[in-house]
Amino acid sequence: MSVKSIQMHYPIKTIALAVGISIALSACVGIRPVAPSGTPMSRTSNLALGNPSGAGSNDPNNYLISRPQYVLSFSRDRGLANWVSWVLSPVWKGDARRTNDFRPDLSLPQGWYAAKPSDYTNTGFDRGHLCPSDDRDATPEDNAATFLLSNIVPQAPRHNREVWKNVEEYGRQLMEMGNDVFIIAGASGGGGTGQNGYATSLAGGKLTVPATLWKILVVVPRGTDATFMVTENTRVIAVNIPNTQAAADKPWRAYVTTVDALEQLTGYDFLSNVPTNVQRIIEARIDGGAS
DNA sequence: CTGACTTCC
DNA sequence: GGAAGTCAG
């Protein structure tokens with residue numbers, strides 16, 4: 001739920017229906033219903049929890065790109081994604097090898113700058129994935145989609161290979177423990193410290209070096225049903241990690257925060273498909289990443 | 001494409 | 001030692 005706006009997330013008809021069912025249930029069982037756990041959300045949708053920035057086709061700095069493998073919001077002026085959203089589950093995992101096929105995203109509108117691999121060469125910054133290669137290795141095509149440079153940001157090498165990698169691996173551990181993990185990752189602000197020191201942009205100003213990378217993991221026990229609910233007991237892990245070499249001196253658990261704090265940082269409204277009474281609870285809670 | 005690097009488990 | 005994130009040539 002956004003700190004700035006309390007919005008109606010469900011059409012009147014849906015609410016009327018829900019109220020009707022609740023009344024009917026109460027009448028049958030003779031007790032007051034417990035707090036609603038929510039509406040069903042699709043286990044296979046990369047945008048199941050909502051579109052955090054209301055990305056679409058009108059705003060060039062909040063431009064929606066939707067692929068089977070992930071959904072992202074792109075900023076023309078920053079030359080980077082604002083956020084990428086995807087679901088991590090066993091159907092996306094397999095034996096495909098890392099394609100290493102870093103390449104410009106030519107699906108961007110005509111006239112927009114599309115980053116090239118050479119923009120990163122000898123800059124002291126890694127080509128860091130938002131949606132990781134290893135979260136999409138069921139097929140070579142799925143894996144190659146993560147190497148489109150619209151899914152890549154200039155990332156301090158130690159950040160990428162140490163602390164951020166460990167967050168990614170934690171997400172895959174949660175999956176292997178029997179969960180589907182709904183993930184949103186993004187890059188905020190400007191100015192980071194790579195191998196060669198501080199920089200605000202690459203490619204002559206066309207690619208912003210973000211100041212932090214953040215990530216939200218929503219952990220949903222796997223079921224056979226095509227849908228799932230998010231309740232006040234659902235685990236939500238949020239991190240925000242400065243884009244510096246030194247950030248890797250601490251473990252990722254030193255950077256846990258709340259979704260509320262990330263909403264203040266970004267101005268987005270995360271988990272907007274979750275009922276507001278549930279959002280209020282889970283977005284204020286810090287999950288320290290216990291195994 | 002290959003070999004090499006670094007870190008974590 | 002293996003896995004995962006890369007780099008340079």
Side-chain angles (χ1 to χ4, degrees), chain A residues 69-70 72 79-81 83-84 86-90 92-105 115-179 181 183-187 192-199 202-203 207-210 212-215 217 237 239-256 288-291:
Chain A
Q69 296 84 10
Y70 54 80
L72 70 79
L80 310 171
W83 53 260
V84 183
W86 70 100
V87 53
L88 176 56
S89 69
W92 291 104
K93 292 292 294 167
D95 295 337
R97 286 189 314 196
R98 189 180 165 96
T99 62
N100 273 315
D101 190 15
F102 290 104
R103 62 203 187 282
D105 185 349
K116 312 183 296 290
S118 61
D119 291 338
Y120 287 80
T121 308
N122 294 319
T123 61
F125 288 92
D126 277 1
R127 298 171 291 193
H129 284 74
L130 288 174
C131 177
S133 164
D134 204 30
D135 282 12
R136 288 290 179 267
D137 59 4
T139 70
E141 294 72 28
D142 288 344
N143 189 254
T146 71
F147 286 86
L148 287 164
L149 289 169
S150 50
N151 178 48
I152 303 291
V153 300
Q155 192 174 4
R158 290 195 56 207
H159 186 294
N160 183 34
R161 304 171 195 184
E162 300 176 36
V163 63
W164 191 251
K165 180 192 77 170
N166 292 339
V167 178
E168 294 174 341
E169 290 184 342
Y170 183 65
R172 290 189 285 269
Q173 281 175 27
L174 290 169
M175 186 207 75
E176 278 153 19
M177 289 162 52
N179 301 291
V181 189
I183 305 177
I184 309 161
T193 306
Q195 187 106 54
N196 306 336
Y198 182 80
L202 307 183
L207 303 181
T208 296
V209 174
T212 76
L213 277 77
W214 50 263
K215 184 174 244 183
L217 302 98
I237 297 126
V239 296
N240 185 35
I241 308 180
N243 189 19
T244 65
Q245 295 282 78
D249 289 341
K250 296 183 199 168
W252 69 264
R253 288 172 227 267
Y255 299 98
V256 292
S291 305

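Please read all numbers here as calculations on a predicted model, not as lab measurements. Side-chain atoms are counted along with the backbone in the values below, which use heavy atoms only and exclude waters and symmetry mates. A, B, ... follow the sequence lines: proteins, then strands. Residue 1 opens every chain.
In this entry the distance linking CZ of F147(A) with P of dC1(B) reads 13 Å, nearest Å. Rounded to a whole Å, the CG atom of N143(A) is 14 Å from the C1' atom of dT6(C). Whole-Å rounding puts the W164(A) CH2 to dA3(C) C1' distance at 20 Å.
Salt bridge present: D134(A) and K93(A) bring a charged side-chain N and a carboxylate O closer than 4.0 Å.
Here R172(A) reaches the OP1 or OP2 of dG5(C): one of its side-chain N or O atoms lies under 4.0 Å away. Put simply, N122(A) has a side-chain N or O that comes within less than 4.0 Å of OP1 or OP2 on dA8(C). The phosphate of dC7(C) (OP1 or OP2) has no side-chain N or O of R161(A) nearer than 4.0 angstrom. Between H129(A) and the phosphate of dT6(C), there is a side-chain N or O to OP1/OP2 separation shorter than 4.0 Å. When the side-chain nitrogen and oxygen atoms of N160(A) are compared with OP1 and OP2 of dG5(C), none of them lie within a distance under 4.0 Å.
How far CD of Q245(A) is from CZ of F125(A): 8.0 Å, rounded to the nearest 0.5 Å.
The aromatic ring centroids of F102(A) and H129(A) lie less than 6.0 Å from each other.
Within the nucleic acid shown, R158(A) has no heavy atom closer than 4.0 Å to any nucleic acid atom.
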